[in-house]
Number of protein chains: 2
Amino acid sequence: MSVSAIRKERERTAREELILLHGRRLLLRDGYQNLNLDELARAIEYSKGTIYLHFATKEDLTLGIATRALRERANLFQRAALFKGSTRERIRAIGFSCCEFAVSHRDYFHVEMMLKSVSFWEKASTERRQAHGLEAGRCFHSISGIVEDAIRSGDLPSHVTRPAEVVFSLIATTMGSHIAAIQPELQLLCGIQDPITPVRRNQDIVCDGWGWKPLSGDWNYAATDARIRAEIFPDAQWLNNS
Amino acid sequence: MSVSAIRKERERTAREELILLHGRRLLLRDGYQNLNLDELARAIEYSKGTIYLHFATKEDLTLGIATRALRERANLFQRAALFKGSTRERIRAIGFSCCEFAVSHRDYFHVEMMLKSVSFWEKASTERRQAHGLEAGRCFHSISGIVEDAIRSGDLPSHVTRPAEVVFSLIATTMGSHIAAIQPELQLLCGIQDPITPVRRNQDIVCDGWGWKPLSGDWNYAATDARIRAEIFPDAQWLNNS
DNA sequence: AAACATATTGACGCACAGTCATTATTGGTG
DNA sequence: CACCAATAATGACTGTGCGTCAATATGTTT
């Protein structure tokens with residue numbers, strides 16, 4: 001009775017996993033608009049009705065996939081936050097992990113982009129919205145903790161009193177840089193070669209702008225990057241030898 | 001013959017205007033997904049087929065509206081670039097105009113957001129893509145000119161050699177800040193009150209980060225804002241009394 | 001006025017999200 | 001094992017809306 005209920009629950013979870021797995025694949029291949037739930041049903045070898053036992057709408061499904069993406073990102077951030085060094089080095093590790101995510105979880109990264117649209121969220125269920133908020137909170141706190149340390153230690157100037165402002169500018173700039181860097185128009189006009197270098201530079205600019213010591217001109221951050229890679233992301237594939 | 005052809009062309013243009021006008025209204029009211037071309041046809045009192053004589057697809061129509069938005073933005077930028085003052089004050093005028101656009105052309109601003117999605121562009125026609133690129137170029141050059149002046153005059157440090165990098169960081173940060181500021185999740189976590197203040201602060205942070213003199217701490221930019229408003233945007237409604 | 005050219009239409013085809021009556025499976029009971 | 005709920009899974013069906021195109025209307029030339 002109770003035993004079989006537990007098994008049922010496990011099977012249900014496994015199937016949701018299966019849906020999310022193939023959903024991500026198709027979403028990445030076709031984009032949100034062309035994601036076909038009949039095809040998804042065929043791929044997972046269940047009927048379309050079964051998908052709707054898990055997800056209320058197509059948006060809900062997409063949000064579910066995006067939350068997985070965000071969880072993965074939060075995991076990376078958490079690992080990066082453990083990096084030993086100055087606060088500025090530690091925030092750099094977060095910036096590094098953000099690019100690591102964009103590169104090694106390219107599919108997840110693209111799914112996240114879809115949620116920026118305003119009208120996307122209205123059809124999503126409350127539970128999935130909350131689940132998403134939870135992972136967003138994890139990301140926020142990984143960054144916020146470092147900023148608070150920087151204020152305490154004096155690495156950030158004393159007039160910086162609200163850590164959330166610094167966190168916001170870092171998130172906004174990073175997000176904006178990622179998006180801008182893949183716009184064909186801007187690539188051409190600004191001479192963007194690869195999508196990572198400008199993101200990391202802008203992170204540096206923002207930290208410098210807040211007066212976060214040691215400033216990028218006063219420290220060899222290339223060496224820090226090498227340490228971050230070696231100690232936190234030994235599998236990182238992308239090379240940012242600027 | 002040639003006379004009537006000219007009249008035809010004028011009528012065609014007027015009708016395209018009409019489509020774009022109502023299209024913008026419905027797009028803003030319903031969002032891209034729920035924009036209904038049958039309803040649009042009813043609104044303009046032409047048949048749906050006629051819409052398709054002007055626009056190849058729904059995406060193409062939306063892009064047409066977005067290009068109008070961008071043209072309006074480029075106009076604002078051009079006006080702002082004429083502001084008399086230091087280069088840093090002039091780039092501030094651009095930042096001001098960017099927020100002015102987001103506030104007073106809120107509808108256009110929201111349409112622009114829709115284009116950030118990757119899969120949007122693939123169905124757009126070449127001509128409309130080019131038209132969009134043209135307006136984007138106008139925006140770029142308004143900003144770029146000021147940055148070049150700043151490099152020449154020494155307001156930006158001599159190690160800044162590529163103006164496009166500075167332009168990119170300004171655009172990316174501003175765009176990212178606008179998007180981030182309307183994400184409910186981030187509003188909550190970062191304590192965002194209004195959508196404009198954080199955008200302008202981040203623009204300041206980035207300029208400071210590049211070492212653009214006079215730094216925000218060394219100059220009364222609130223006074224500059226007052227001048228910008230008085231001289232360039234006398235009709236600006238939003239108040240940013242920070 | 002007739003013939004021709006061009007402009008406009010809206011009913012239709014089709015793809016696909018979401019539903020729900022029907023069918024299959026499971027697990028408990030005598 | 002046979003029977004009977006209760007629960008799970010299905011896929012044919014419906015509604016919606018984009019995009020098309022044969023049919024119709026309007027304009028122009030001779």
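Numbered from 1 within each chain, the chains take letters A, B, ... in sequence-line order. Because the structure is predicted, anything quoted here is derived from the model rather than measured.
Direction of the helix axis in the helix from dA1(C)-dT30(D) to dG30(C)-dC1(D) shifts by 20° between the two five-pair termini, rounded to 10°.
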Original post:
Taking protein heavy atoms under 4.0 Å as touching, what does nucleotides 8-19 of chain D look like 5' to 3' if B marks base contact, S marks sugar-phosphate-only contact and - marks none?
Top reply: -SBB-----SBB
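R129(A) and E122(A) are not joined by a salt bridge, as no carboxylate oxygen comes within less than 4.0 angstrom of a charged side-chain nitrogen.
The distance between atom CZ of F120(A) and atom P of dA17(C), rounded to the nearest whole Å, is 13 Å. Here dT9(C) presents its P atom at 14 Å from CZ of R42(B), a figure rounded to the nearest Å. Nucleotide dG10(C) holds its C1' atom 15 Å from the CG atom of L40(B), rounded to whole Å. The interatomic distance linking L61(A) (CG) with dC16(C) (P) rounds to 16 Å, in whole Å. R12(B) places its CZ atom 9 Å from the P atom of dA7(C), with the value rounded to the nearest Å. Regarding I51(A), its CD1 atom lies at a distance of 9 Å from the P atom of dA17(C), rounded to whole Å.
Annotation: cation-pi pair R200(B)/F96(B) absent, no NZ/CZ under 6.0 Å from the ring centroid and within 45° of its normal. Cation-pi geometry between K58(B) and Y32(B) is satisfied (NZ or CZ under 6.0 Å from the ring centre, within 45° of the ring normal).
In this pair, H132(B) and W121(B) present their aromatic rings perpendicular. The plane angle is above 60°, beyond the 30 to 60° band.
S97(B) contributes a side-chain N or O that, together with a main-chain N or O of I94(B), makes up a donor-acceptor pair within less than 3.5 Å.
Among the candidates I91(A), V147(A), I146(A), V206(A), the single residue satisfying the side-chain contact (heavy atoms from CB on, under 4.5 Å) test with V166(A) is V147(A).
R138(B) and N75(B) are linked by a side-chain donor-acceptor pair at a separation below 3.5 angstrom, with hydrogens and angles left out of the test.
With sequence neighbours excluded, the residues satisfying side-chain contact (heavy atoms from CB on, under 4.5 Å) with A69(B) are F101(B), Y108(B), E112(B).
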